[in-house]
Amino acid sequence: MIHLTFPDGAVREYAEGTSGADIAAAISKSLAKKAVAVTLDGALADLAEPITGDARIEIVTRDDPRALELIRHDAAHVLAEAVQALYPGTQVTIGPVIENGFYYDFARNEPFTTDDLPKIEAKMREIIAKDRPFTREIWSRDEAKRVFAEKGEAFKVELVDAIPEGQDLKIYKQGEWFDLCRGPHMPSTGKVGTAFKLMKVAGAYWRGDSNNPMLTRIYGTAWHDQAALDAYLHRLEEAEKRDHRRLGREMDLFHFQEEGPGTVFWHPKGWRLFQSLVSYMRRRLKADYDEVNAPQVLDKSLWETSGHWGWYKENMFKVQSAGEDTGDERVFALKPMNCPGHVQIFKHGLKSYRDLPLRLAEFGAVHRYEPSGALHGLMRVRGFTQDDAHIFCTEEQMAAECLKINDLILSTYADFGFENIVVKLSTRPEKRVGSDAVWDHAEEVMTRVLAQIEEQSGGRIKTGILPGEGAFYGPKFEYTLSDAIGREWQCGTTQVDFNLPERFGAFYVDADGSKKTPVMIHRAICGSMERFTGILIEHFAGHFPLWLAPVQIVSTTITSEADGYAAEVAAAARALDLRVDLDLRNEKINYKVREHSLAKVPVILVAGRKEAAERTVSMRRLGSSDQTVLPLDEALALLAAEATPPDLKRARA
C-alpha cells in the first residue's frame, strides 16, 4: 500500500499502482471529468501514470494555472501531427513550451511560410476535435532508433542517441501518430481546446549550431480559453504600438548601427530623456550616498581576485595594451560591473565601525558581451549605465540597510507610475563561493526582511522565493514591476555579499580594536539605465508625464507675423527650466501639430496675430483636439508646476 497526502493535510491509503485518474474518480465524477494531470511532490505527472510510492498529491484541473504548460505542450504535439499529415516527408525535431506559447522545428526541403499557417491551424482543429487519447509507452533504445529510422526521422534517431543510458525512453501516442517525449501530457488531444493560434515562422539551426542544417520553426500560442487568447493578442498589438525602437525613431531619441553593435547612439532628445532620469536618481541618492567613479579599464589580476575572471570571463571584453614596443604588454578588461572598483575605494584609508554604513553610488558605464542574436534595442545591449551602489556595513546593520534600500526602490517605482511590484528572494545556487554557514546566516536575515517588506506594505507588495537563483557570492532580492499593459520587468536588485570584501582583504576596525570584514550589499534600482529608459518609453507609449518628456513644449505659429512673440514664449519657458523647441517653419498649423503629436510632444503652444496682441497662447495637449487659451504667464506657471519632478514636489510640500 502507498500513502498519499492531499492539500488539506489528509493522508489516505491506496494500492500501489493506483493512478491519478483512479483517485480523481473516487473523489467525484465532476473532478474526474475536469482533471488533466496530477502533481506528485510538486512535479507534474500524467493522470494515467501508476503511483508507486508515498507522495504529496494534488489533482490538476484544466483551469488550473499549472495546466497551461500542458495545454501548450500538447498543442506542440498536435502541430507536429498536423504538419506531417499535410506535408508528408517533413521531419519533426523538437517542440518545447516557451513563455506564452510553444514552437516546433521542422526539416523540410521547402521552408514553411506564414501563408501555410491557416491551413495547418485548420488541421490542428480537426485533430483536437477527434479527441484521441494520449498514451505513453516505454520503448527500448534499439526499437526507437529502428522505428524512427524507418520513418526517415534522422533527427529523432539523433535525439534517441542523446538520451543517457538508464533513462526510460518514452513514446507518446495520439491515435496513430507518436513522438519521442518526456511528458507529461493531458488525457487527450481534445483537452487542448480551441484557444490557440499559430503566430509566425522563423529559421533555426538544429541544436542552435550554424554548422548544422537550417530548420523551419513554427511558433504558436495557446491559452485556457478564448478570452485569455484575445487578451494576449491585444497585449501583443499594444506592445507593437509601444515598441521603444519604433517610438525611438518617431521621437528621434536614439539609433543603433553595425559599427557599434549593442551600443546606443543617443540623439539630443534621447539624451535629454536619459539625463532627466539620471538627474532624478542623483537627487534621490544625495542625502544618503556618496557618488564615486571607478576606472573603466582594470588589470586582469583584479578580476581574477574578485572571481569574475573565472565565473564570468566569457561575458567580458578583454583589452590588450599596445605594449609590444615598450615592454609593457598587459591584459586588461572593460569592467562588466562596478563592485571590485568600489571595494578598492573602500580600502583606501582606514575605516572604523563609526564610518559604517558607507554607501557608495556610481552611474558607471559597463560592458558585457551579449550574443548578436540576443541584442534587442535598449532592452539588451553590450554597453550600458548602471545606477549601481554598494553599501559597506556590519552584520548587525544588514537587515536595516536592506529595508532602507527597499523603501527607496519602491518609492522610485511609484514616481514612475509602477505600483504592481513583486519582490522575490533568490537563494543559493549550486555553484557558489562561501561556506554553508555564511549562506545560512545571509538567507535567514533576508527571509526575515522579505516578511517585513510584505507586512509593511499591507500585502500590497507580493513576495516569493526563487530557489537556486542567487548570485554566486550571495542571496539577493529581485524586484519585478508590471507596466501599463501587464508585462513584467525585473529591474532592481539587492544582493548580500560576504565574499568579495574578504577576497580583497577589505576590513574595518571594530569598537574593540579588532579587524572585521564588512558585509557588502550590491544595490541597483533601475538596473541598466538604458533598459529602464526603454521600459519607460513602452510603459508610457511615448506619452511621458511632463516632468520626464525630452521636449516638454513646442512654441509655434499660425502666421509669420507672430514669429517674434513665439520666440518670446520659448525664451520665457526656458527661463523656467522648461525644455522647449521653437518651430517657426512656413507650414500650415495642422501639419505642424500632426508632426509634433507624432513626436509625442506633450504640449504645443500656438500663437497667431491675436495671441501676440493679447499676450496669450493657445494650448494643445497631446492626444486631445481641444484648445485652451490662457494668458502667457498663467500658462507657463501652470506648466512649470506640472513639470516639477515628483521628488522635488515632495521636498517643496
Side-chain angles (χ1 to χ4, degrees), residues 235 238-256 263-285 363 365 375-381 383-388 408-422 478-493 524-553 578-579 597-603 621-623 642-650:
R235 285 198 304 274
E238 278 296 307
E240 188 174 351
K241 292 177 187 174
R242 295 166 179 266
D243 190 316
H244 73 282
R245 295 165 298 180
R246 181 175 67 81
L247 290 171
R249 289 191 300 271
E250 292 176 358
M251 298 174 69
D252 191 24
L253 302 179
F254 57 84
H255 80 273
F256 294 87
T263 52
V264 189
F265 290 77
W266 288 106
H267 299 189
K269 293 175 185 176
W271 194 238
R272 279 183 228 159
L273 171 62
F274 188 85
Q275 288 302 317
S276 294
L277 179 57
V278 171
S279 296
Y280 165 85
M281 291 306 308
R282 277 204 167 99
R283 292 194 302 271
R284 295 302 312 274
L285 301 181
F363 295 92
L375 299 177
H376 180 74
L378 297 176
M379 305 303 193
R380 198 79 177 265
V381 291
F384 58 96
T385 306
Q386 278 189 311
D387 65 328
D388 212 1
L408 177 60
I409 290 176
L410 296 183
S411 64
T412 297
Y413 292 166
D415 281 349
F416 291 104
F418 299 114
E419 297 289 349
N420 187 10
I421 312 296
V422 177
E478 293 190 358
Y479 289 77
T480 300
L481 52 85
S482 295
D483 68 11
I485 58 174
R487 295 172 301 178
E488 293 186 339
W489 304 93
Q490 194 278 308
C491 293
T493 59
I525 299 173
C526 301
S528 159
M529 301 293 284
E530 284 76 3
R531 178 171 174 265
F532 198 74
T533 302
I535 292 169
L536 290 176
I537 292 171
E538 297 199 0
H539 175 62
F540 291 113
H543 294 235
F544 290 109
L546 196 62
W547 74 273
L548 199 54
V551 177
Q552 295 168 323
I553 301 167
L578 291 163
R579 296 186 286 275
S597 296
L598 182 65
K600 306 295 188 294
V601 177
V603 177
R621 295 275 187 171
L622 180 62
E642 185 181 336
T644 303
D647 60 304
L648 294 180
K649 283 184 179 178
R650 286 193 297 271

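What you see is a predicted model, and the numbers here were worked out from it, not measured in a lab.
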Considering non-hydrogen atoms only, spot the tightest contact between [X] and [Y] and give its length.
X	Y	value
Ala541	Leu247	C-CD1, 3.7 Å
Ala549	Pro602	CB-CG, 3.5 Å
Gly534	His244	O-CB, 3.9 Å
Ser411	Arg284	OG-NH2, 2.8 Å
Leu622	Ser597	CD1-O, 3.5 Å
Ile535	Phe418	CG2-CZ, 4.1 Å

Measuring from atom [atom1] of [X] to atom [atom2] of [Y], what distance do you get when rounded to the nearest 0.5 angstrom?
X	Y	atom1	atom2	answer
Phe363	Gln386	CZ	CD	11.5 Å
Cys526	Leu536	SG	CG	7.5 Å
Met529	Gln275	CE	CD	8.5 Å
Asp647	Thr412	CG	OG1	9.0 Å
Ile421	Leu481	CD1	CG	5.0 Å
Thr480	Asn420	OG1	CG	10.0 Å

Non-neighbouring partners of [X] that pass salt bridge (charged side-chain N to carboxylate O under 4.0 Å, His left out), sequence neighbours left out:
X	value
Arg380	Glu370
Arg245	Asp243
Glu250	Arg246, Lys600
Glu642	Arg621

Between [X] and [Y], is any pair of side-chain heavy atoms under 4.5 Å apart?
X	Y	value
Phe256	Leu378	yes
Val551	Arg579	no
Pro545	Phe540	yes
Leu253	Ile537	yes
Met281	Phe532	no
Leu285	Leu408	yes

Please list, chain by chain and in numerical order, all residues satisfying ring-ring contact (aromatic ring centres under 6.0 Å, His included) with [X], sequence neighbours excluded.
X	value
Tyr413	none
Phe384	none
Trp547	Tyr280, Phe416

Distance-only criterion, 3.5 Å: show the donor-acceptor pairs between side-chain atoms of residues 264-274 and protein atoms not counting sequence neighbours.
| from | atom 1 | to | atom 2 | distance (Å) |
| --- | --- | --- | --- | --- |
| His267 | ND1 | Asp252 | OD1 | 2.7 |
| His267 | NE2 | His255 | ND1 | 2.8 |
| Arg272 | NH1 | Pro550 | O | 3.3 |

Quiz item: Which residue pairs pass the salt bridge (Lys or Arg N to Asp or Glu O under 4.0 Å) test when at least one of the two sits in residues 532-541, sequence neighbours left out?
Solution: Arg487-Glu538

Quiz prompt | Summary of salt bridge (Lys or Arg N to Asp or Glu O under 4.0 Å) pairs that have at least one residue in residues 540-550, sequence neighbours excluded | solution = none

Quiz prompt | Contacts of Asp387 that satisfy side-chain hydrogen bond (donor to acceptor under 3.5 Å, both in side chains) - sequence neighbours left out | solution = none

Quiz item: With sequence neighbours left out, what residues match Thr533 under side-chain hydrogen bond (donor to acceptor under 3.5 Å, both in side chains)?
Solution: none

Quiz item: Hey, mind stepping through Arg531 and Cys491 against side chain to side chain contact (heavy atoms under 4.5 Å, CB included) and telling me if it holds?
Solution: CA-CA 9 Å; Arg531 178 171 174 265; Cys491 293; 3.9 Å; yes

Quiz item: Are Lys241 and Glu238 close enough for a salt bridge, meaning some N to O gap below 4.0 Å?
Solution: yes

